[in-house]
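In what follows, a structure is listed as structure tokens, so that the remarks can point back to it.
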Amino acid sequence: MRDAFSLLHNDGKQMGSIWEFPVCSGNERLKDENGNKVHSTQKPEALMERVIALFTKPEDLILDPFGGAMTTGVVAKKMGRHYTMLELDKKYIKYGQQRLD
């Protein structure tokens with residue numbers, strides 16, 4: 001994970017209104033025991049790192065009412081933020097909790 005300065009300052013480049021991030025793949029992508037994607041729209045951690053760095057401070061509480069693959073919680077934890085995740089789908093909760101642990 002890059003430091004907050006790099007995230008906030010876009011590695012020295014002016015931050016535009018269009019952000020491009022690679023899709024989730026490799027170890028970052030949550031898969032079930034059969035190797036299938038757990039969540040079809042899992043967000044990349046790099047995206048959440050930038051959003052969290054821009055709009056929160058360490059120790060802030062982040063609420064994600066659509067927890068899904070729990071990417072927000074994973075990144076919040078790495079960046080020293082508190083988080084509350086809400087999710088209805090038991091499958092997402094199961095794999096997301098394993099990811100958070």
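None of the values given here were measured: they were computed from a predicted structure.
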Please report the closest heavy-atom contact between [X] and [Y], naming both atoms and the distance.
{"X": "G96", "Y": "L30", "value": "N-CD1, 4.5 Å"}
{"X": "P22", "Y": "P44", "value": "O-CG, 3.4 Å"}
{"X": "D32", "Y": "V38", "value": "N-CG2, 3.6 Å"}

May I ask you to test the K43-T41 pair for a side-chain heavy-atom distance under 4.5 Å?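 They are in side-chain contact.
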Got R29 and K37 here, is their nearest side-chain heavy-atom distance under 4.5 Å?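 Result yes, sub-4.5 Å side-chain heavy-atom pair found.
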Can you list everything that forms a side-chain hydrogen bond (donor to acceptor under 3.5 Å, both in side chains) with E20? Sequence neighbours excluded, please.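 E20: no side-chain hydrogen bond (donor to acceptor under 3.5 Å, both in side chains) contacts found.
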Check whether D64 reaches the backbone of F66 with its side chain - one donor and one acceptor, N or O, closer than 3.5 Å.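 Such a contact is found between D64 side chain and F66 backbone.
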Same hydrophobic cluster for F55 and F21, using side-chain heavy-atom links shorter than 4.5 Å among ILVMFWY?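 Yes, same cluster.
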Could you state whether L100 and Y95 fall into the same hydrophobic cluster, counting links through intermediate Ile, Leu, Val, Met, Phe, Trp or Tyr residues with side-chain heavy atoms under 4.5 angstrom apart?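 In one cluster with L100: Y95, no.
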Does CG in N27 sit with more than 12 non-hydrogen atoms of other residues, nucleotides or ligands closer than 6.0 Å?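 Counting neighbours around CG of N27, 12 or fewer heavy atoms of other residues, nucleotides or ligands fall under 6.0 Å, so no.
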Partners of R99 by salt bridge (charged side-chain N to carboxylate O under 4.0 Å, His left out), sequence neighbours excluded?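 R99 satisfies salt bridge (charged side-chain N to carboxylate O under 4.0 Å, His left out) with E45 once adjacent residues are dropped.
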Nearest 0.5 Å please: distance from the NZ atom of K31 over to the CD atom of Q42.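 Rounded to the nearest 0.5 Å, the NZ-CD separation comes out at 10.0 Å.
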For residues 81-91, which side-chain donor-acceptor pairs fall under 3.5 Å, sequence neighbours excluded?
{"unit_1": "R81", "atom_1": "NE", "unit_2": "T56", "atom_2": "OG1", "d": "2.8"}
{"unit_1": "R81", "atom_1": "NE", "unit_2": "K57", "atom_2": "O", "d": "3.3"}
{"unit_1": "R81", "atom_1": "NH1", "unit_2": "M79", "atom_2": "O", "d": "2.5"}
{"unit_1": "R81", "atom_1": "NH2", "unit_2": "T56", "atom_2": "O", "d": "3.1"}
{"unit_1": "R81", "atom_1": "NH2", "unit_2": "T56", "atom_2": "OG1", "d": "3.4"}
{"unit_1": "H82", "atom_1": "NE2", "unit_2": "E59", "atom_2": "OE1", "d": "2.9"}
{"unit_1": "E87", "atom_1": "OE1", "unit_2": "G68", "atom_2": "N", "d": "2.6"}
{"unit_1": "E87", "atom_1": "OE2", "unit_2": "D89", "atom_2": "N", "d": "3.1"}
{"unit_1": "D89", "atom_1": "OD1", "unit_2": "K91", "atom_2": "N", "d": "2.8"}
{"unit_1": "D89", "atom_1": "OD1", "unit_2": "Y92", "atom_2": "N", "d": "3.3"}

